[in-house]
Q: 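The structure's right below; bear with me while I get my questions together.
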Amino acid sequence: MNRIALVDCNNFFCSCERVFNPALQGKPVVVLSNNDGCIISRSEEAKAIGIPMGAPLHEQQEVIRKHGVHVFSSNYTLYGDMSARVMSILRDEVPAMEVYSIDEAFLQLPNNFSEEHARALRAKILQWTGIPVCIGIGSTKLLAKLANRHAKKNKALTGGVFDLTHYWDPDGIMAETPTDGLWGVGKNLALRLKGMGIKTALDFQHADPAAIRKSMGVVGERLFRELNGIPCLALEEMPPDRKGVMASRSFGSPVESLEELEEALANHVARASEKVRRFGLLVTRMEVFLQTNRFKKDEPQYSPGIGITLDRPTHSTSELMIAARTLLKRIYRPGYLYKKTGIQLVNLVDEDAYQPGLFDTPKSRIDVDKIVDELNRRLGDPKNPVITRASQGTERSASGGSERKAWKMKSERHSPHYTTDWNELPEAKG
DNA sequence: TCTGGGGTCCTAGGACCC
DNA sequence: TCTGGGGTCCTAGGACCC
């Protein structure tokens, strides 16, 4: 049987802070978002006193004072480093794995990997890094997630490890899991399911597939299959190419003038284009957006966005800045209090694949086959093409994107190099 | 007073083409 | 009454995730 484990670090950011400050063990700890606005990580003790995930800091000040909660600004350099340590331990354990996020990884388990192995692995990670993890095992990614959820929710009972593939009463687990406890089911889908009389994972598992398909499309069908042990989500050992890069920030106090917005945008363009260069990519489209304060219902709201397809792909900060300024002027209206602004760089192309002239006509239709031939001619031996066209109609639909999606550089497959960019994020304040 | 930032995928509708 | 139909590309917006 296919067995996948999901290893998930517990309260990751808080746990990281504790590694370097052991006196925090057993005490309530929270870590804040970028601008110290929201609580994005909570220790068990902080959860126990009722601090909700994502809560604005100012709403919790009372509780924090009363219980002596330790509050930290986020320190992504630290978290990125701790993450790398955990991942490198995991990498040595299994033939294949997918780093899913800063604090999670899916592992492809060998046949002989028992629950005891998982417990030993958990102990090793704790001993070597100081980070507690939970491990869930299932026959699909979604079921591994579900198993992990159970391991975490019943830590005293499970010891942080739960193997759904060998559990005697899987239906019992399904029955006690509400649909929105499933990976990929949020508030809205849960509501839709409820409308069909589906309240638990067990209901969902035994639902009518045709009805699911009709009401929730391919997303629903995929969830349904994964839940029934039919894998639809592959383990992605190599992270796919980045589709876009975004940079945005909220203002501490609202901003009104074009000049201030321009200054903020200059910052965003610098950060985002730096990232694009580091990935070895070029930008073909840029979008700029503004937002007034959505929480102030009584203030006039204006949250425009605008995009432009560039004449020619670039990763130059100054070129992108010119585009950003132009776009900003088109959407800027005086008289509003802007709370946030940002940019998105999208339709990214590989720098190495780009040859001047080939992509410079974004508005016209492009004959992909012709370009493939031309690129291969320029790159050398046409008998052994470096570039191939991805087959159309693969499982992940080939529709809905630019012609660039049809490209695959063969050489990419030989450079399984994955660097996270967390190190680039700002240091914690104070 | 104070309310994060960065992603992915899917769908629907319009423009355009033959 | 009934208005061609099938395809691609682009964009906006929704939903979800960490």
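By convention in this document, chain letters (A, B, ...) are assigned in the order of the sequence lines, proteins followed by strands, and residues within each chain are numbered from 1. Just so you know, these numbers come straight off a predicted model, no measurement behind them. As a basis for the values below, the full set of heavy atoms in this structure was taken, side chains included, without hydrogen atoms, waters or symmetry mates.
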Q: Classify the ring geometry of Tyr338(A) against Tyr336(A): parallel below 30°, tilted from 30° to 60°, perpendicular beyond 60°.
A: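 It falls in the tilted class, 30° to 60°.
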Q: Look at Lys340(A) and dT3(B) and indicate whether a side-chain polar atom (N or O) is within less than 4.0 Å of OP1 or OP2.
A: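 Answer no for this pair, as no side-chain N or O of Lys340(A) is under 4.0 Å from OP1 or OP2.
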Q: Would you mind telling me which of dC2(B), dC18(C), dT11(C) lies closest to the side-chain atoms of Arg285(A)?
A: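 Of the candidates, dT11(C) comes closest.
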Q: Mapping Ser248(A) and Ser253(A) to their closest nucleotides on DNA chain B, which lands nearer the 5' end?
A: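 Comparing both residues, the 5'-ward one is Ser253(A).
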Q: Does anything in residues 176-229 of chain A form a ring pair (Phe, Tyr, Trp, His ring centres under 6.0 Å)? List the pairs, not counting sequence neighbours.
A: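 Output for this query lists Tyr100(A)-Trp183(A), Phe106(A)-Trp183(A).
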Q: For dC9(B), take OP1 and OP2 only and decide whether either is under 4.0 Å from a side-chain N or O of Lys243(A).
A: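 Yes, such a contact exists.
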Q: Between dT3(B) and dC18(C), how far apart are the P atoms? Round to whole Å, please.
A: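 Here dC18(C) and dT3(B) have their P atoms 25 Å from each other.
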Q: Could you give the CD1-to-P distance, from Ile331(A) to dA12(C), as a whole number of Å?
A: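 Distance check: Ile331(A) CD1 to dA12(C) P gives 11 Å.
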Q: What is the separation between atom CD1 on Ile39(A) and atom C1' on dC2(B), rounded to the nearest whole Å?
A: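 After rounding, the reported distance stands at 12 Å.
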Q: Under 4.0 Å between a side-chain nitrogen and a carboxylate oxygen: does that hold for Lys145(A) and Glu104(A)?
A: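 Yes, charged N to carboxylate O under 4.0 Å.
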Q: Would you say Asn188(A) reaches dG14(C)'s phosphate, i.e. side-chain N/O to OP1/OP2 under 4.0 Å?
A: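 No.
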Q: Could you check whether Arg192(A) gets within reach of a base, just the sugar-phosphate, or nothing at all, counting any heavy atom under 4.0 Å?
A: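 It contacts nothing in the nucleic acid.
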Q: Considering the options Arg42(A), Glu17(A), Lys47(A), which one meets the side-chain hydrogen bond (donor to acceptor under 3.5 Å, both in side chains) requirement together with Asn11(A)?
A: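 Passing option: Lys47(A).
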Q: With respect to the phosphate group of dG6(B), does any side-chain polar atom (N or O) of Arg249(A) fall under 4.0 Å of OP1 or OP2?
A: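 Affirmative; the distance criterion is met.
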Q: Please test Leu261(A) against Phe251(A) for side chain to side chain contact (heavy atoms under 4.5 Å, CB included), starting from the C-alpha separation and ending with a verdict.
A: CA-CA 10 Å; Leu261(A) 292 172; Phe251(A) 295 112; 3.8 Å; yes
Q: Want to settle it: does Val219(A) or Lys296(A) sit nearer the 5' end of DNA chain B, counting the closest nucleotide to each?
A: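 So the residue in question is Lys296(A).
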Q: Can you spot which of Ile102(A), Asp103(A), Leu78(A) makes a side-chain contact (heavy atoms from CB on, under 4.5 Å) with Cys16(A)?
A: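 Going through the options one by one, the only one that passes is Leu78(A).
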Q: Is the shortest side-chain N to carboxylate O distance from Glu274(A) to Arg278(A) below 4.0 Å?
A: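 A salt bridge links Glu274(A) with Arg278(A).
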Q: Taking side-chain hydrogen bond (donor to acceptor under 3.5 Å, both in side chains) as the definition, give me every residue that meets it alongside Thr129(A), ordered by chain and number, with sequence neighbours left out.
A: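 Result, side-chain hydrogen bond (donor to acceptor under 3.5 Å, both in side chains) vs Thr129(A): none returned.
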Q: Give the rounded distance in Å between these two atoms: CG of Leu189(A) and C1' of dC9(B).
A: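 Nearest whole value for this atom pair: 12 Å.
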Q: Could you check how far CD of Gln344(A) sits from C1' of dG6(B), rounded to whole Å?
A: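 Value for this atom pair: 9 Å.
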Q: Dot-bracket for DNA chain B, please, read 5' to 3', with Watson-Crick or G-U wobble pairs under 3.5 Å on both distances, ( ) within the strand, [ ] crossing, | other strand, . unpaired.
A: ....||||||||||||||
Q: Do the side-chain N or O atoms of Arg242(A) get closer than 4.0 angstrom to the phosphate oxygens (OP1, OP2) of dT8(B)?
A: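 Looking at the OP1 and OP2 atoms of dT8(B), neither is under 4.0 Å from any side-chain N or O of Arg242(A).
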Q: Over all strands shown, is Ala247(A) touching base, sugar-phosphate only, or nothing at heavy-atom distances under 4.0 angstrom?
A: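 Sugar-phosphate only.
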Q: Look at the side chain of Asn35(A) and decide which nucleotide, out of dC18(C), dG6(B), dG4(B), has an atom nearest to it.
A: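 Among the listed nucleotides, the one closest to the side chain of Asn35(A) is dG4(B).
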Q: From the options dG4(B), dC2(B), dC17(C), select the nucleotide whose nearest atom is closest to the side chain of Tyr100(A).
A: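 Selected nucleotide (nearest to the side chain): dC17(C).
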Q: Are OP1 or OP2 of dG5(B) and a side-chain N or O of Arg271(A) less than 4.0 angstrom apart?
A: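 Checking dG5(B) against Arg271(A), no side-chain N or O comes under 4.0 Å of OP1 or OP2.
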Q: Expressed as a whole number of angstroms, how long is the span from Asp36(A):CG to dT3(B):P?
A: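 Rounded to the whole Å, the gap is 11 Å.
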Q: Can you see whether Thr317(A) engages Arg277(A) through a side-chain donor-acceptor pair at a distance of less than 3.5 angstrom?
A: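 Side chains of Thr317(A) and Arg277(A): pair found under 3.5 Å.
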Q: So, OP1 or OP2 of dG5(B): does either fall under 4.0 Å of a side-chain N or O from Ser250(A)?
A: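 So the side chain of Ser250(A) is within the cut-off, an N or O lying under 4.0 Å from OP1 or OP2 of dG5(B).
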Q: When you check the phosphate oxygens OP1 and OP2 of dC18(C), does a side-chain N or O of Lys145(A) lie under 4.0 Å from one of them?
A: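 So the side chain of Lys145(A) is within the cut-off, an N or O lying under 4.0 Å from OP1 or OP2 of dC18(C).
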Q: For the side chain of Lys275(A), starting at C-beta, report the closest nucleotide among dG6(B), dC18(C), dC10(B).
A: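 Nearest to the side-chain atoms of Lys275(A), counting from C-beta on, is dG6(B).
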Q: Check every strand shown and say whether Leu182(A) touches a base, only sugar-phosphate, or nothing at a heavy-atom separation below 4.0 Å.
A: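 Here Leu182(A) touches the backbone only, sparing every base.
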Q: Just how far, in rounded Å, is P of dC17(C) from CD of Glu226(A)?
A: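 Answer to the nearest Å: 14 Å.
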Q: Calculate the interatomic distance between Arg222(A) atom CZ and dC16(C) atom P; express it in whole Å.
A: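 So the two atoms are 14 Å apart, to the nearest Å.
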Q: Roughly, in whole Å, what's the span from CD in Glu59(A) to C1' in dG4(B)?
A: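 Taking CD of Glu59(A) and C1' of dG4(B), I get 14 Å after rounding.
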